[in-house]
Amino acid sequence: MNIRANIPMPTAVVPPAIREGLSTARPMLIDGKWVAAQSGKTFEVFDPATGETIAHVAEGDKADVDLAVKAARRAFEAGPWAQMTPSERGRIIHCIGDLILDNIDELATIEALDNGKPKAVAKAADVTLSADMFHYMSGWATKLEGKHIPISALTAPGAEFVSMTRMEPIGVVGQIIPWNFPLLMAAWKLAPALTTGCTVVLKVAEETPLSALRLGELILEAGVPAGVVNIIPGFGETAGAALAEHPNVDKVAFTGSTEVGRLIVHAASRDLKKVSLELGGKSPNIVLGDADPELAIAGATAAIFFNHGQCCNAGSRLFVQRNLFDKVVEGVAAEADKIKLGPGLTEDTEMGPQVSRVQYDRVTGYLASGTEEGARAICGGEGLGGSGYFVAPTVLVDTKPEMKVVREEIFGPVLVASRFDEVDDALVAEANNTIYDLAAGVWSGDSARALRIANRLRAGTVWINCYHVFDAALPFGGYKQSGWGREMGQAVLSNYLETKAITTRIG
Ligand code: ADP
């Protein structure tokens with residue numbers, strides 16, 4: 001029984017300034033100018049809370065990608081960006097962060113409207129962390145140091161050399177991002193590429209192009225020269241594919257599904273472009289019998305339901321030791337039932353809709369498959385129907401390891417919970433039993449014990465007694481089919497740098 005089915009959904013009021021800004025078709029950014037698509041085509045952007053059209057946006061395709069890549073190539077090889085000192089580059093990147101904060105309310109409003117997430121969350125997380133990413137990365141512009149390396153030069157006895165390495169930008173970068181954190185994903189990608197001196201063509205997700213287009217305006221306002229950042233809204237199979245296979249792109253950085261990640265690798269393989277990928281997950285969240293149950297309940301709830309479950313690192317497989325299983329799982333279900341669903345722009349909304357009809361159908365399809373295979377929903381279990389894309393936060397029990405809902409990434413507010421008896425090899429093996437391995441959580445009163453488990457989990461990030469703690473300084477990315485390379489921190493810089501070794505004979 002879905003206790004939410006008969007509760008009417010509140011309606012949200014879009015601020016007039018935002019409505020006005022969206023009343024004409026939004027162009028794309030190529031070579032420092034805002035332009036229509038070469039084809040003249042636009043596509044519709046929907047409010048996921050109502051299914052209504054909120055904007056029309058220029059539909060980028062192969063011809064637009066080509067112009068953008070040419071502009072990025074020119075900007076990389078000549079012009080002010082290529083000649084700029086690291087210090088000047090760093091100051092401009094820092095200024096982008098400042099401008100994001102100056103416009104925090106507008107950006108959070110756009111994000112709430114376009115993606116559906118609560119505006120307060122967009123403000124506290126998406127926009128704040130986006131600004132921080134530019135601020136953090138701006139400091140690296142002046143610290144991309146090479147090394148002086150003593151060499152033995154065995155083939156030239158008696159000769160003397162000085163050898164050093166230089167870190168150089170990889171060139172023109174094609175970046176393709178998803179819809180779950182539209183502004184933040186743009187920041188994760190753009191900030192390190194800019195700090196290393198690369199130029200960029202960014203393909204934003206067709207579901208959520210609006211905040212990145214506003215960011216483009218702020219990027220120009222900060223003083224980024226024409227052609228350094230080009231922003232193309234458009235569809236994956238057209239604009240995205242054209243960018244991934246473009247012969248004049250040196251590197252592709254992708255965040256999205258593992259399925260599309262494979263297509264990107266295939267497209268990039270002809271020219272052997274460098275590729276970095278941040279892909280899907282099915283992350284285990286493990287509650288040991290000695291954990292503080294209240295902490296674990298709050299943590300496991302946030303781990304799966306934050307951002308409506310639309311996080312690649314969502315803690316979607318909950319493992320709880322037998323003595324705490326009923327308390328923790330029933331506690332999470334009780335919390336889930338209390339979560340207030342509504343449009344992102346309604347003040348007391350705690351969880352918005354899924355981003356699109358496609359995602360709604362996908363998540364509800366998984367719920368149906370779970371029930372068919374014998375899983376039981378102890379809360380939620382259904383989509384709410386109607387014109388918006390709301391799905392009730394759901395906890396499934398009585399699951400088996402081979403069920404689709406346990407194996408596959410659902411990317412929605414659906415938790416599968418199972419119990420274990422001992423903290424042993426079998427528990428670690430089951431936690432690691434996935435094609436993904438992006439993140440994991442461990443909850444325990446004994447941090448040394450939790451750390452021993454963390455060391456054995458094959459995951460790019462492990463949180464102990466916390467979850468979803470992200471920081472611009474911390475590397476994030478996956479093992480196995482969760483991706484290649486890392487986002488954020490010092491680690492991401494290597495995605496955008498080539499190492500050149502220079503040797504000089506001095507005697
Ligand atoms: P999700 O399943 O989360 O929607 P996708 O992996 O489908 O994520 O999409 C992430 C990004 O990849 C989006 O910008 C989308 O347009 C783009 N994309 C989808 N298909 C392709 C493709 N064949 N080639 C390049 N980009 C693609």
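Atoms within a ligand are numbered from 1 in the order they appear, just like the ligands themselves.
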For [Y], is there any backbone N or O sitting under 3.5 Å from a side-chain donor or acceptor partner on [X]?
X	Y	value
Ser369	Gly365	no
Arg89	Trp81	no
His468	Ala302	yes
Glu373	Lys404	yes
Thr371	Leu367	yes

> Which one of Tyr467, Trp463, Tyr436 satisfies the side chain to side chain contact (heavy atoms under 4.5 Å, CB included) criterion with Ser283?
Replying inline: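 Single pass found, and it is Tyr467.
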> What atoms of ligand 1 come closer than 4.0 angstrom to any heavy atom of Lys203?
Replying inline: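 Atoms satisfying the 4.0 Å criterion: 13 (C), 14 (O), 15 (C), 16 (O).
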> Should you measure from each heavy atom of Gly240, which atoms of ligand 1 turn up under 4.0 Å away?
Replying inline: 24 (N), 25 (C), 26 (N)
[atom]: nearest protein contact (heavy atom, Å):
atom	value
atom 17 (C) of ligand 1	Ile176 CG2, 3.6 Å
atom 7 (O) of ligand 1	Val260 CG2, 3.7 Å
atom 2 (O) of ligand 1	Ser257 CB, 3.8 Å
atom 23 (N) of ligand 1	Leu263 CD1, 3.6 Å
atom 12 (O) of ligand 1	Phe254 CE1, 3.2 Å

> Does an N or O anywhere in Thr255 fall below 3.5 Å from an N or O of ligand 1?
Replying inline: no
> So is Trp179 polar-close to ligand 1, meaning N/O to N/O under 3.5 Å?
Replying inline: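 Min N/O separation from ligand 1 is below 3.5 Å for Trp179.
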> atom 27 (C) of ligand 1: which of Gly234, Gly236, Pro178 has the nearest heavy atom?
Replying inline: Gly236
Examine the proximity of ligand 1 to [X] and report which part, side chain or backbone, both or neither, has a heavy atom under 4.0 Å away.
X	value
Ile177	backbone
Ala244	neither
Gln359	neither

> Are Asp31 and Arg74 close enough for a salt bridge, meaning some N to O gap below 4.0 Å?
Replying inline: yes
> Please walk me through it: do Arg458 and Asp437 pass salt bridge (charged side-chain N to carboxylate O under 4.0 Å, His left out)?
Replying inline: CA-CA 6 Å; Arg458 305 266 305 151; Asp437 263 328; 5.3 Å; no
>> Checking contacts now, so for atom 9 (O) of ligand 1, which I'm interested in, is there any protein heavy atom under 4.0 Å?
In response: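 False for atom 9 (O) of ligand 1.
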